[in-house]
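Small disclaimer: the values here were computed from a predicted structure and weren't measured. Nothing fancy with the numbering, it's 1 onward along the sequence.
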Amino acid sequence: MSAPLLHGCVLGAGPTGALAALALADAGWHVSLRDPLPAEQLVERSRAYAFTHSSRELLQRLGLWDDLAAVLVPFRQLQLRDFGSGEGCQFETEDLGLPRATANAVGWIAQHRPLMEALLVRLEAHPAVRLQLGPDPAGESRVGPEPAADLVVAADGPASPSRTALAIGQWQLAYRQSCLTAQVQLRGGKDDEAWELLRPEGPFAVLPLGDGRVQVVWSAPASRCRQLERLPATAFLDHLAAVLPDRLQPDVLLDHPRSFPVALQLARRLHRGRTLLVGESAHRCHPVGGQGLNLCWRDVAVLHGLAGRVARGQLAPDRIGAAYSWRRWPDLLLTLLVTDLLVRLFSNRHPLVVPLRRLALAALARWAPLRRLLLTAMTFGPCRGRTASPQ
Ligand SMILES: Cc1cc2nc3c(=O)[nH]c(=O)nc-3n(C[C@H](O)[C@H](O)[C@H](O)COP(=O)(O)OP(=O)(O)OC[C@H]3O[C@@H](n4cnc5c(N)ncnc54)[C@H](O)[C@@H]3O)c2cc1C
């Protein structure tokens, strides 16, 4: 049985939708990618994402790695510090348990603009992709799916209009913490070193962007984030210096700090009819451990494998939703649970919990197999076998 011409419609050209469109096209589908924002606005955000080897594997399968490697800054060490217990440990590439040739970085950091620009260049050049970005010149709304599409991929973000239109509810837990991001010129750091600082007010990440620049991802009570956001640059840098480890000295604030609410969200179903929820339209988690976009891209990895099977006539198009959901649930549930547990366990100075954390971190610092277990789970997701692209 060989499949007829297949047509997918991707709603949302954020980092998930853009990659999903390339994945469908790579699997042999014709794709239209729709977003109400024009390309200039899609690339505009001041953000940086942490990528793990699960995202690297997908980019390699899609033939995008060589293009994107130019905009990815590798880090080879990850410093973990628990400020409540005073313990810490360092993860290195050896802790990944990957072949030496592959394990040249613990992970990578990419800024939103160059990442999206690179994805949009590939989308524009792909003969099977039709880009429909920005308001329709005829004044018609392009926010809905195309009626003739065999598959609709709703990658329209956490407020997903598609999820609402399909009456798919979600579980939601708003954290008391918000997250503030800012780019800073730093002295004393290394360009190949990232930090995850577990502070009683919330986790704090320092992500290297190259040439001494870093992005800080600062979780703290919402009121404190709003206060930090309004500070003049010098006062902000003073507050930042007070929370960073001694050897890291912030010199210059490079953009305007912005805070956003953090929440755990999970759609009650991942598909309805011919529509799949992919990326943050289906799930959102706390930024601790840099899991967010990697989890979204693991959705895309599964979609890629299933779309290929449909294109080869090995799977009926109307079975793709059920197969996608079955494969994604375990990774989504476990990753959301782990990030939530990390936030709860480490954002406090509880006298019963702090000694346990000290013990756990001392064990991590001492035993390489334990570091490998944790780093592998944070890199590939807690259930790697199930999330590998089904061929
Ligand atoms: C202020 C802020 C700062 C952040 N900073 C960081 C950070 O520094 N590091 C990090 O890792 N993560 C950060 N995040 C989270 C990160 O942005 C998300 O993980 C990521 O954007 C998810 O990608 P996505 O493509 O699934 O969704 P989105 O990026 O939200 O993309 C959804 C797209 O869908 C489009 N859309 C909406 N409605 C429709 C419709 N009806 N039809 C078609 N398209 C539609 C939107 O225009 C948008 O382009 C931040 C989030 C926020 C809100």
Side-chain angles (χ1 to χ4, degrees), residues 45-50 78-88 109 112 157-159 170-184 194-207 214-231 235-245 248 250 253 255-266 279-280 282-296 332-354 356-357 360-361 378:
R45 303 169 181 171
S46 176
R47 298 181 192 173
Y49 308 106
L78 172 62
Q79 306 285 356
L80 181 66
R81 296 279 178 280
D82 175 19
F83 279 44
S85 70
E87 282 290 341
I109 309 299
H112 178 84
Q170 58 176 350
W171 292 286
Q172 232 185 129
L173 170 74
Y175 290 105
R176 266 178 294 203
Q177 294 172 5
S178 282
C179 182
L180 178 130
T181 59
Q183 294 192 2
V184 180
W195 296 74
E196 183 78 56
L197 309 172
L198 299 165
R199 307 182 61 252
E201 67 175 2
F204 186 118
V206 181
L207 311 175
V214 297
Q215 158 128 340
V216 296
V217 184
W218 188 343
S219 307
S223 55
R224 172 145 154 89
C225 285
R226 281 195 299 275
Q227 182 208 1
L228 287 165
E229 211 177 9
R230 286 197 292 264
L231 289 175
F236 179 83
L237 291 172
D238 287 346
H239 277 75
L240 182 59
V243 301
L244 287 172
L248 305 181
L253 181 60
D255 68 353
H256 186 74
R258 286 199 54 205
S259 75
F260 60 98
V262 284
L264 184 152
Q265 287 178 359
L266 183 60
E280 290 211 344
H283 49 79
R284 242 177 122 194
C285 59
H286 192 287
V288 64
Q291 294 297 300
L293 199 52
N294 294 290
L295 195 59
C296 295
L332 295 181
L333 287 170
L334 279 171
T335 304
L336 264 54
L337 186 72
V338 168
T339 52
D340 187 59
L341 269 178
L342 282 175
V343 175
R344 283 171 201 281
L345 276 177
F346 284 91
S347 304
N348 64 68
R349 288 188 197 274
H350 197 289
L352 290 177
V353 178
V354 169
L356 291 177
R357 290 183 350 215
L361 279 154
M378 298 305 274

ask   = Rounded to the nearest 0.5 Å, how far apart are CH2 of W218 and NE2 of H239?
value = 7.0 Å
key: C179 SG to R258 CZ distance, which is reported to the nearest 0.5 Å   = 11.5 Å
query = So, does T339 use its side chain to make a donor-acceptor pair with the main chain of L336 at under 3.5 Å?
reply = yes
ask   = Which value, rounded to the nearest 0.5 Å, describes the distance between L198 atom CG and F83 atom CZ?
value = 9.0 Å
inquiry  = Return the CH2 to CG distance between W195 and L248, rounded to the nearest 0.5 Å.
reply    = 5.0 Å
task = Give a yes or no answer on whether the side chain of S219 reaches the backbone of P203 with a donor-acceptor pair at less than 3.5 Å.
result = yes
ask   = Under the 3.5 angstrom rule, does the side chain of D255 hit a backbone N or O of Q183 as a donor-acceptor pair?
value = yes
key: Atom pair CD/NE2 of E229 and H256 - distance to nearest 0.5 Å   = 5.5 Å
key: Qualifying residue, where the test is side-chain contact (heavy atoms from CB on, under 4.5 Å) with R284 and the options are Q265, Q170, Q172   = Q265
ask   = Judged by atom type as modelled, is there a donor-acceptor pair below 3.5 Å linking the side chain of Q291 to the main-chain atoms of C285?
value = no
query = In this structure, which one of R199, Q177, H286 forms a side-chain hydrogen bond (donor to acceptor under 3.5 Å, both in side chains) with S347?
reply = Q177
task = For the pair D340 (side chain) and L264 (backbone), establish whether a donor and an acceptor sit closer than 3.5 Å, ignoring hydrogens and angles.
result = no
ask   = Under the side-chain contact (heavy atoms from CB on, under 4.5 Å) test, which residues partner L333, sequence neighbours left out?
value = L266, W329
task = Examine distances only and state if a side-chain atom of R357 and a backbone atom of L345 form a donor-acceptor pair shorter than 3.5 Å.
result = yes
message = Does any part of the side chain of Q79, heavy atoms only, come nearer than 4.5 Å to the side chain of R81, both counted from C-beta?
response = yes
query = Between I109 and Y49, is any pair of side-chain heavy atoms under 4.5 Å apart?
reply = no
remark   = Of all heavy-atom pairs linking V217 and P287, the shortest is CG1-CB, 4.3 Å
request  = Nearest 0.5 Å please: distance from the CG atom of D238 over to the CG atom of L240.
outcome  = 9.5 Å
inquiry  = Just so I know, are the side chains of H283 and C296 near enough to count as touching, which here means a heavy-atom distance under 4.5 Å?
reply    = yes
